[in-house]
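See below for the structure under consideration.
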Amino acid sequence: MTVRVRIAPSPTGEPHIGTARTALFNWLFARHHGGQFVVRIEDTDRSRLVPGAVESIRLMLRWLGLEPDEGPAVGGPCGPYFQSERLDLYHREIETLLANGSAYTCYCSPERLAAVNSERQKQKLPPGYDRRCRGLSPDERAAAEAGGVKPVVRFAVPLDGVTVVQDAIKGEVEFENALLQDAVLMKSDGYPTYHFAVVVDDHFMQITHVLRGDEWLPSTPLHLLIYRAIGWEAPVFAHLPLILGKDRAKLSKRHGDTAFKAFVDAGYLPDALFNFLGLLGWALDDKTEIISREQFVEQFDLAGISKSPAVFDFDKLRWMNREYIHALPAERFAALSEEWLLKDLPDELAQRVTPEIVRRIAPELQTRLELLSEIAPKLRFLFEDDVTYDRATLLGKRFTSRPEEALFTLEEIAAELEDIEDWEKDGIWEAVSRVFEQRTLKPREAAPLLYVAITGAPQGVPVNAGMAALGKRRSIQRVKAAVSLLSD
RNA sequence: GCCCCCAUCGUCUAGUGGCCCAGGACGCCGCCCUUUCAAGGCGGAGAUCAGGGGUUCGAAUCCCCUUGGGGGUACCA
């Protein structure tokens, strides 16, 4: 039997980074076993639908390189892949459940449900439905029906016994049936709830393994019971450890922007995020951190998945992204630099960006980045007419008490630069270091002065390379501008 | 409250009875290199394996209890 897995996101907003991790694990599992990865949209909560969300999910998968074998965009033999288009299926199956007595219609109003709950709370009982409609006589049922109430359909869970979940990661987990709720299977609007739709769809889509977040483990016995009531074989369940924030609570908006899109916008590389996410709850061995897609596919399996939740470490993600940026071929990095420059710079500056100038400076930048979004701020000085900074920044620690020394140094540098015929970075640096030597200044202490004059900031790409890219005239102009700032 | 899961350096983890007075990585610190800042190289601090009981010749690894953390408990998914 070929392995078939799925992810089943609900289109209720921008996809979450956790959804990406679940998708990745499913995709990896499918690829490792030569199986299929399907995408199904769980859009049964009509009130929470967000337009565009399905497209965002598609984009996320594509960006990460997790192309589905079946799903809304690609189709497939088990469609449709929107639950809202599979309603007749759910209605058909709910009839079997109703007919064999494992489900019943419930006419209780939301108000009564709330009242029951508050009453139970008062008596220090666990909240839940009191199963009032489970015991309705045919007459009572007919009466309620005549009253025009739109009923829901509830599952009639066994009142005793134990349901055992065989989880591929957690092992054997037992649940007492008596503690389970008569969950709603069909809502009064005619749409199924998650619990029912997931069982019906996973069955008809021939899903063999359900890899989903740990938060679903408590509802798995219910799902198992539904499979049994219809007479279907259940898939293998594997509950993935949760991703936590710094405070060890389930990662969510309050830990910052956890929308997948935020990671794209920040300038993470797809391969880096793929690698990092793949290591969130799974490890290859005792030492390997940087793992290629091929290696992941080859090595990934359920056996390596950890049972305990993992805190999302942004520091490590940034480090990993830097590793991937560093490993990029020079040409690729230059192309990305240009792309991000055009995207992040204001239009009037972006117009001045040329492939030549970017290719020239990009190698100097490549080891100095954690995120691609840092490119524009670091290279902006190349495209501006002039840079702005204050006197204190220019003088830095070294020259604060001796501004005249900074002034003379810059004047001499300007003079030396004038004499350069072949304007390239080595010659520029020779000229600058000549001045430093004459004045017995160590580059370590004097260089920031020049950095500020040229780029506006005391650190960044090597200043001589920056000047080479800037051009002779503009470079000297900036040194002179610094001189005049100090002369005032 | 009740049910369930989890528990190795701050964080991600390796570890499935002896190779572990616990290995790697991020982060942190120091040194070297050096055109500032990075990168790179080298080194360091950092975990009595949550605590307590067992089992065993021997336990981070098995069992029990405690504690801690998390998740679930909707006509949301």
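Each chain gets a letter, A, B and so on, in the order its sequence line appears, and its residues count up from 1. As the structure is a computational prediction, the values presented were derived from the model and not from experiment.
Ranked by how close their nearest RNA chain B nucleotide is to the 5' end, E176(A) and F312(A) are led by E176(A). When each of K246(A) and H195(A) is assigned the nucleotide of RNA chain B with its nearest heavy atom, K246(A) is the one assigned upstream, toward the 5' end.
A donor-acceptor contact under 3.5 Å is formed by the side chain of T367(A) with the base of A38(B). A donor and an acceptor atom never sit less than 3.5 Å apart when one is taken from the side chain of Q121(A) and the other from the base of G1(B).
Using Watson-Crick or G-U wobble geometry with both donor-acceptor distances under 3.5 Å, C26(B) finds its partner in G10(B). Across all strands shown, U73(B) forms a Watson-Crick or G-U wobble pair with G1(B), both key distances being under 3.5 Å.
As rounded to whole Å, 16 Å separates atom C1' of G71(B) from atom NZ of K307(A). When rounded to the nearest whole Å, the span between CZ of R444(A) and P of U34(B) equals 10 Å. One atom, CG of L251(A), and another, P of G71(B), lie 11 Å apart when rounded to the nearest Å. Separating the CZ atom of R112(A) from the C1' atom of A74(B) is a distance of 16 Å, rounded to the nearest angstrom.
A cation-pi geometry, defined here as NZ or CZ lying under 6.0 Å from the six-membered ring centre and within 45° of its normal, holds between R154(A) and Y129(A). The cationic atom of R293(A) (NZ for Lys, CZ for Arg) lies less than 6.0 Å from the six-membered ring centre of F274(A) and within 45° of the ring axis.
Which of U73(B), U35(B), C12(B) sits closest to the side chain of P127(A) comes down to U73(B). If you check C5(B), A25(B), U36(B) against the side chain of W319(A), the one that comes closest is A25(B). Ranking G72(B), C37(B), C76(B) by closeness to the T193(A) side chain, first place goes to C76(B). For R368(A), the side-chain atoms get nearest to C37(B) when compared with the rest of G70(B), G24(B), C37(B). Taking every side-chain heavy atom of L179(A) into account, C2(B) is the closest of C2(B), C4(B), C26(B). Closest to the side chain of N464(A), out of U35(B), A77(B), C75(B), is U35(B).
Between F312(A) and F276(A), the ring planes lie perpendicular to each other; the angle is over 60°, past the 30° to 60° tilted range.
No close placement of the F237(A) and W216(A) rings is indicated, their centers lying 6.0 Å or farther apart.
When each of K307(A), K170(A), K250(A) is checked for a salt bridge (Lys or Arg N to Asp or Glu O under 4.0 Å) with D214(A), only K170(A) meets the rule.
Both thresholds, 5.5 Å between centres and 30° between ring planes, are met by W429(A) relative to the base of U35(B), so the two rings are stacked.
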